[in-house]
Amino acid sequence: LKAIADLAAVALERVRYRAAFDRESRLADDRESELTELGRSLEQRVAERTHVIEEQRIELAARLEELEHLQRSRSTLARGLLHDISNVVGALDSNLAFAGRRLSGDGEGLAALEDAAESGRRIVAMAEDVLAVSRMEEGSFPITARTVDSGDIARDALRRNMAHARELGTTLETGQLEVDLAVSADADVIGRVLDNLVGNALRYAGRGGHVAISTQRAEGVAEIVVTDSGPGVPPEERERVFAEWYRAGGESSRHHGIGLHFCTLAVQAHGGSVRVEGEPGNNQLVVALPAIDEEDDTGGVTGTWPVGDP
């Protein structure tokens, strides 16, 4: 009987082990099935997401191509506009010169003709700003930087804008010019920047107003400052004033247009910045450029915008 009992116990243990093994096998099969199903689900989700991403990529590529086409069209339009305006103003300038010869003894008449010719040249300059902004945004605007004295840049801007100041009845002069304050810059490009800033200041200082161009040194930078006696820009709008086509305070107020947008792009291309300071009656447009030691001049840098890291 004991032997039979022992055999029965062994058999029972075997049954228990077998049942446990079967349970584990079933659980393993269930886990494998769950993992297989989870894998299929993940593969389906990845496939669906990949399809969505691919559709988005195709859509973005199409939009990018459209934007590039629009940019090319804008550049083509700007170049055509500049060409046509230059032709018209050139013809106007020739007619004014002819009229000037007929009015050789009339001082006031000659001054009026010169002012008209200067206005024509300003129209060309505005068209050139549109083209320059377009080329900057394309990354194809040429910059040739050489060592130049900031005071010379200021004096040249004064000379170019005197006729416009006389036309508006506004006093234009240089303020204090820092001695031996040199910058590495494309003098023509920065000159156009100052023409925009001075022109803006003259417009809003108005008849009987005052505009001054000065230079100063400040913490490693050379600042060219255009100060005017006009109403100024509200503090809450100063961060946006150099945006493209931005109008401060609405359609009827001070208009800045694309000229000031050109200014900030051009100055940033030189590693500098433009900002608005001051208060009504003492407004300041400040161009800050890295100051250099003339002895460190390397002969200039030639490239396309952007130069450096604004």
K.L.:
Could you see if L158 belongs to whatever hydrophobic cluster contains V183? Use Ile, Leu, Val, Met, Phe, Trp, Tyr and a side-chain cutoff under 4.5 Å.
P.N.:
yes
K.L.:
To the nearest 0.5 Å, tell me how far R45 CZ sits from T50 OG1.
P.N.:
13.5 Å
K.L.:
Got a salt bridge between D195 and R192, using NZ or NE/NH1/NH2 to carboxylate O under 4.0 Å?
P.N.:
no
K.L.:
Is L177 reachable from L197 through a run of hydrophobic residues whose side-chain heavy atoms are each under 4.5 Å from the next?
P.N.:
no
K.L.:
Rounded to the nearest 0.5 Å, what's the gap from CG on N161 to OG1 on T170? Could you check?
P.N.:
11.0 Å
K.L.:
I need the full list of side-chain hydrogen bond (donor to acceptor under 3.5 Å, both in side chains) pairs touching residues 207-225, with sequence neighbours left out, sorted by first then second residue.
P.N.:
E173-H210, Q216-E223, E223-R275
K.L.:
How about L194 and I224: do any of their side-chain heavy atoms sit closer than 4.5 Å?
P.N.:
yes
K.L.:
Determine, using the 4.5 Å side-chain heavy-atom cutoff (strictly less than), whether V226 and V276 are members of one ILVMFWY cluster.
P.N.:
yes
K.L.:
Verify, without hydrogens or angle tests, whether D186 (side chain) and T144 (backbone) share a donor-acceptor contact under 3.5 angstrom.
P.N.:
yes
K.L.:
Evaluate the side-chain contact (heavy atoms from CB on, under 4.5 Å) criterion for residues V274 and V286: first the C-alpha distance (whole Å), next the side-chain angles of each, then the deciding distance (0.1 Å), finally the verdict.
P.N.:
CA-CA 6 Å; V274 188; V286 184; over 6 Å; no
K.L.:
So does R40 pair up with E37, basic N to acidic O under 4.0 Å?
P.N.:
yes
K.L.:
Closest approach of T147 and A182, non-hydrogen atoms and distance?
P.N.:
CG2-CB, 4.0 Å
K.L.:
Atom OG1 in T171, atom CG in L202: separation rounded to 0.5 Å?
P.N.:
10.0 Å
K.L.:
Would you check if L285 and N200 make a side-chain contact, meaning some heavy-atom pair closer than 4.5 Å?
P.N.:
yes
K.L.:
In Å and rounded to the nearest 0.5 Å, what is the CZ to CG distance from R203 to L168?
P.N.:
8.5 Å
K.L.:
Are the side chains of V287 and V193 in contact, using a 4.5 Å heavy-atom criterion?
P.N.:
yes
K.L.:
To the nearest 0.5 Å, tell me how far D180 CG sits from S150 OG.
P.N.:
9.5 Å
K.L.:
Kindly give the heavy-atom pair with the smallest separation between Q284 and T227, and that separation in Å.
P.N.:
CG-OG1, 3.6 Å
K.L.:
Grab the two heavy atoms, one from I190 and one from V267, that are nearest each other, plus how far apart they are.
P.N.:
CD1-CG2, 4.5 Å
K.L.:
List in chain and number order the residues that pass side-chain hydrogen bond (donor to acceptor under 3.5 Å, both in side chains) with E54, two or more places apart in sequence or in another chain; answer none if no residue qualifies.
P.N.:
R57
K.L.:
Do E279 and N283 have side-chain heavy atoms sitting under 4.5 Å apart?
P.N.:
no
K.L.:
The criterion is side chain to side chain contact (heavy atoms under 4.5 Å, CB included); which residues satisfy it with R49, sequence neighbours excluded?
P.N.:
V52, I53
K.L.:
How many angstroms lie between atom CG of L64 and atom CD of E66, to the nearest 0.5 angstrom?
P.N.:
10.5 Å
K.L.:
Considering all heavy atoms of both residues, which atom of V148 and which atom of A187 are nearest to each other, and what is their separation?
P.N.:
CG2-CB, 4.5 Å
K.L.:
Does R155 use its side chain to pair, donor to acceptor, with the backbone of T174 at less than 3.5 Å?
P.N.:
no
K.L.:
Would you name the heavy atoms of D149 and L181 that are closest together and state the gap between them?
P.N.:
OD1-N, 3.5 Å
K.L.:
Using every non-hydrogen atom in the two residues, find where N196 and F262 come nearest and quote the distance to one decimal.
P.N.:
ND2-CD2, 3.6 Å
